[in-house]
Amino acid sequence: MLVLDEAWTGLDVPARAELDRAVAERTAAGGSVVFVDHDPRRLADVADETYAVVGGGLERRTEPPGPEGAGPRGPVVVIVAQGPPGAALPAPVAAVAVGVGAGGAAGATRLTVPESRSDLVLRELLTARVPWHVVRVEEPGAVPSPTSAPAAEEGTSR
């Protein structure tokens, strides 16, 4: 778990980009990142939950996770891969995939995954005990996310 308290404050543009990259790497590897920032837009497209400090308490700014199959908030990537006959998806891939279906080609599987976890999924597929063949990766597509009102101090967990 990575915990950041106003880590972007005082950084120049290249340093902010580097910190964004480090956060994305950590979450793509399945880790958690909790951070506090005054900018409610900071990584808003990849945050699973967002809270604001209001009157000395926390107020949730994102909707709680919906029922199974409700889909992700934020950008997604579609990965079409072909595994060995009869092979199950590697457990880490199955855990993060928000959609699994037929990939068109015989035996291919179409995976819809949060963009922030796509590197993890590709790594797991390619390094599985019997590696999967990645047929193609489709461009990210935006999935609507709820908007949040600006707050005095935002806290986000990933």
Side-chain angles (χ1 to χ4, degrees), residues 1-5 7-8 11 14-37 39-51 58 60-148 154-158:
M1 174 184 281
L2 185 59
V3 179
L4 304 170
D5 184 8
W8 288 267
L11 297 180
R16 284 180 183 221
E18 183 63 21
L19 186 55
D20 288 350
R21 185 198 58 73
V23 168
E25 269 184 14
R26 174 70 55 180
T27 58
S32 295
V33 177
V34 177
F35 68 88
V36 174
D37 198 282
D39 182 356
R41 297 164 299 183
R42 171 86 48 223
L43 301 175
D45 58 332
V46 298
D48 291 331
E49 297 180 48
T50 303
Y51 297 85
L58 286 179
R60 185 182 204 119
R61 296 294 179 155
T62 52
E63 296 297 318
E68 194 77 28
R73 293 183 305 271
V76 295
V77 172
V78 173
I79 299 170
V80 178
Q82 195 160 17
L89 284 172
V93 173
V96 301
V98 295
V100 178
T109 302
R110 181 182 175 90
L111 304 164
T112 303
V113 301
E115 182 182 33
S116 62
R117 304 292 172 108
S118 61
D119 288 346
L120 167 75
V121 169
L122 290 168
R123 183 173 47 250
E124 291 295 330
L125 290 171
L126 296 171
T127 61
R129 190 171 188 90
V130 178
W132 285 57
H133 170 69
V134 175
V135 177
R136 73 179 175 276
V137 178
E138 297 178 4
E139 288 292 317
V143 174
S145 63
T147 58
S148 62
E154 294 282 330
T156 302
S157 68
R158 177 93 193 107

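Closest approach of Pro90 and Glu124 over heavy atoms only: CG-O, 4.0 Å. Heavy atoms only, all atoms of each residue included: Ser118 and Ile79 are closest at O-CD1, 4.3 Å. Nearest heavy-atom pair, Val96 versus Pro114, reported as atom, atom and distance to 0.1 Å: O-CD, 3.4 Å. Shortest non-hydrogen contact noted between Trp132 and Ala88 is CZ2-O, 3.6 Å.
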field: side chain to side chain contact (heavy atoms under 4.5 Å, CB included) assessment of Val23 paired with Trp8
entry: CA-CA 12 Å; Val23 168; Trp8 288 267; 4.1 Å; yes
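For Ala15, the side-chain contact (heavy atoms from CB on, under 4.5 Å) partners two or more places apart in sequence, or in a different chain, are Leu11, Asp12. Every residue was checked against the side-chain contact (heavy atoms from CB on, under 4.5 Å) condition with Pro131, not counting sequence neighbours, and none meets it.
Separation of atoms NE2 (His133) and CG (Leu125) is listed at 11.5 Å; rounding is to 0.5 Å.
Sorted by first then second residue, the salt bridge (charged side-chain N to carboxylate O under 4.0 Å, His left out) pairs that include residues 127-137, not counting sequence neighbours, are Arg136-Glu138.
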